[in-house]
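Following: one structure in structure tokens, then a few remarks.
Naming convention: chains lettered A, B, ... in sequence-line order (proteins, then strands); numbering from 1 in each chain.
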There are 2 protein chains.
Amino acid sequence: MSEPTLHINLTSLQKNLNYIQTLSSPTVETAAVVKANAYGLGVDPLAVCLFNKGVNTFFVSTASEAVELRLLLQKKPTIYYLNGYSVTDYNAVNDYDIIPVLNSLAQIENFKQKLHNKPAAMQLDVGMKRLGINSYEILKAKELCRSINLKLILGHLSSADDRSDPANIQQLKQFLKLSKYFLNVPKSLSATGGTLLGKRYHFNLTRPGIGIFGGKPLKNAANVVSIELPVLQVKDIKKNEGVGYNHTFVSPTQKKIAIVGSGYADGLSRQLSNRGFLYAGSVKCPIIGRVSMDLITVDISKLPIAPINLSVLGPLQTIDDLAEQSRTIGYEVLTSLGSRYKRVYHY
Amino acid sequence: MSEPTLHINLTSLQKNLNYIQTLSSPTVETAAVVKANAYGLGVDPLAVCLFNKGVNTFFVSTASEAVELRLLLQKKPTIYYLNGYSVTDYNAVNDYDIIPVLNSLAQIENFKQKLHNKPAAMQLDVGMKRLGINSYEILKAKELCRSINLKLILGHLSSADDRSDPANIQQLKQFLKLSKYFLNVPKSLSATGGTLLGKRYHFNLTRPGIGIFGGKPLKNAANVVSIELPVLQVKDIKKNEGVGYNHTFVSPTQKKIAIVGSGYADGLSRQLSNRGFLYAGSVKCPIIGRVSMDLITVDISKLPIAPINLSVLGPLQTIDDLAEQSRTIGYEVLTSLGSRYKRVYHY
């Protein structure tokens, strides 16, 4: 192998989906969030796989992503886009059977004016202070929505990854209070984190994303993503020799290093410099020196023979492990992966 | 505008190229490094533009990038790829007139065995301890290269962005010493940083990348990249209300905030959370709360009316300003930008 390769295990994806489904009552639908190109993993095979396993509702971010998904999945599933209705979305909504999430009074009005015969969803801001109708606008929203075919009322929790945060119960109460104005419309409050908080957070539909892809806050998820990087060259360095840009690593001893063909242009963050790890089988090899655009230098002194590949993600190093080394979260690790990898899907 | 838009100014690109050319004697060739999809900006229009302005030699990272560039630019320019020759590159090199940089004795041997009638370049490791022939291998390399049509000898400086680093002069001396074994072959040591260190670092060919794209270590570069982000929604928040995931921002006063349709899936790092800035014209607006996957929340209390767009890169905030806010370097800001932007090229 001479190119960085991203392996995506669709069986693990299904396992995680199945597990999340078991958390809810059978009457609750489990949708899937596949925005940002399925968190960087490739919406094409992943959404098809989830659809074939029974997912009938998908969420993406923009009208453009929604149209792409409609063309991919054809007639059947319901497709919502979260970032709100803009008047420039008119053709997409009118022609492609995609459903905007209306996040403000102005969006409801714009939508009604030209698309009153089309379905819509509406989001309530229950404390995130991001997208959604504010609590003081609820009566006006109810009035404006009278002639709209509302399919779903959404909320979004700000702090669901922290079970102990009192914001969770406050926001649940706020959602219960505000969504009562739309009695007969199905409701959805929870992504992966909220789904893990218990059944009262589930309402009619949960919408996990990161959990399906194997990341926190889901614990003990099946590993979906592995990355193998090619070793381009191996060299010996002497005691006191510096490695990489600005010699931020100066070797305390003689070492054997591998130069690996991948870098921050492949989403392997510069934060991993002198801090992250790659694996040769089960042997953990520290990244030394700065991660550069296309190359990473790794201490392989412990290995008896030079490896052909090193792994940066896999069963021994999850997206959350790499996220900690990269000083971020698993979501950003995934969405950063970029386009240079050869993507291989395993069934 | 309802989608994040990346504006690329090709006139500025040419200005930066021209400026870098003026640093060298007329006999020195200025090549261009366009690896990683031209640092994320789009190799297609950028390489064509540079070629039309007289650049005749290009560098990319991998054989795959080199083939893509050959198909784009057709017959004329010389195309080197830096990451070394692998036996799996045989067809690419044989069929597409691309030139590998040989970085190890093994690579020279593999190349010779099947491609001895094709041109090659060779890299000397002068202190970076990354790719390249080690000093103790120089005689063996000279011997192996006897039957090879060597077009270029390369070195790469580890610390050229810091003029005062004594590694620069040490590595220059090492390059002079080692490259003497290849007397009649043209030589190249410097990327943007080395080019700024003075003419003795230029040899026959310089190979700037970041400088052409408007980034440090080039100072006062013409601004190549601007990014405009759509404001999806505006809302008022009260004193003591939290904003975004985990309410990492709690408002000390009443504020007006804009919710902007872009996030870390577009390469705007989570490191910008509660730390970065967007601009409304010339007014600097702080990012508040966490940057999320597709959304950023911004304090626009200072603005008299709600803006339609906010800018994250432009003349008032360069890639290096954003890099500082993102705790990285301009190169990583560029290569992270991702595929969701509408890219618009200005002539």
Does any non-hydrogen side-chain atom of A/Ile329 lie less than 4.5 Å from one of B/Tyr264?
-> yes
Any side-chain heavy-atom pair of A/Leu131 and B/Leu295 under 4.5 Å | yes
Is it the backbone or the side chain of B/Tyr39 that comes under 4.5 Å from a heavy atom of chain A, or both, or neither?
-> side chain
Residue set satisfying salt bridge (Lys or Arg N to Asp or Glu O under 4.0 Å) with A/Asp299, at least two apart, ordered chain then number -> A/Lys255
Indicate yes or no for a side-chain donor-acceptor contact from B/Lys235 to the backbone of A/Gly132 under 3.5 Å, with no hydrogens or angles considered.
-> yes
Pairwise distance CE(A/Met293) to CG(B/Leu334) - rounded to 0.5 angstrom = 7.5 Å
Is there a side-chain contact between A/Asn103 and B/Leu232 (heavy atoms, below 4.5 Å)?
-> no
For chain A, which of B/Gly242, B/Gly261, B/Gly84, B/Ser336 has the most heavy-atom pairs under 4.5 Å?
-> B/Gly242
Mind checking salt bridge (Lys or Arg N to Asp or Glu O under 4.0 Å) for B/Lys342 and listing every partner two or more places apart, or none if nothing turns up?
-> none
Looking at A/Ile259, A/Asp125, A/Asp162, A/Asn37, which one has more heavy-atom pairs under 4.5 Å with chain B than the rest?
-> A/Ile259
Based on non-hydrogen pairs under 4.5 Å, which of B/Gly338, B/Ala63, B/Ala36 is most in contact with chain A?
-> B/Ala36
Side chain, backbone, both or neither: which part of B/Ser104 has a non-hydrogen atom closer than 4.5 Å to chain A?
-> both
Which one, A/Asn246, A/Thr62, A/Asp236, leads in non-hydrogen pairs under 4.5 Å with chain B?
-> A/Asn246
Toward chain A, the part of B/Glu137 with a non-hydrogen atom under 4.5 Å | neither
Which atoms of A/Glu68 come close to chain B, meaning under 4.5 Å heavy atom to heavy atom: side chain ones, backbone ones, both, or neither?
-> neither
Using heavy atoms and a sub-4.5 Å threshold, report which of residues 269-276 of chain A line up against chain B, by residue number.
-> A/Ser269, A/Arg270, A/Gln271
Selection from B/Lys35, B/Glu332, B/His156 maximising heavy-atom pairs under 4.5 Å formed with chain A = B/Glu332
Sort B/Ser339 into side chain, backbone, both or neither according to what part of it lies under 4.5 angstrom from a heavy atom of chain A.
-> neither
Cut-off 4.5 Å, heavy atoms of chain B, and the answer for A/Arg327 is both
Interface check, chain A: of B/Asn134, B/Asp89, B/Val291, B/Asp165, most non-hydrogen pairs under 4.5 Å belong to B/Asn134
Output yes when a side-chain donor or acceptor of B/His247 lies under 3.5 Å from a complementary backbone atom of A/Ala167, and no otherwise.
-> no
Under 3.5 Å, is there a donor-acceptor pair linking the side chains of A/Arg130 and B/Ser292?
-> yes
Distance (rounded to the nearest 0.5 Å) between A/Asn83 CG and B/Gln233 CD | 10.0 Å
Within the side chain of B/Glu241, is there an N or O that forms a donor-acceptor pair under 3.5 Å with the backbone of A/Lys129?
-> no
Return the set of residues passing salt bridge (Lys or Arg N to Asp or Glu O under 4.0 Å) with B/Glu109 (not counting sequence neighbours), or none when no residue passes.
-> none
Using non-hydrogen atoms only, which part of B/Asp161 is less than 4.5 Å away from chain A: side chain, backbone, both, or neither?
-> side chain
In terms of heavy-atom proximity below 4.5 Å to chain B, should A/Thr297 be classed as side chain, backbone, both, or neither?
-> side chain
Is the closest side-chain heavy-atom distance between B/Ser61 and A/Arg340 below 4.5 Å?
-> yes
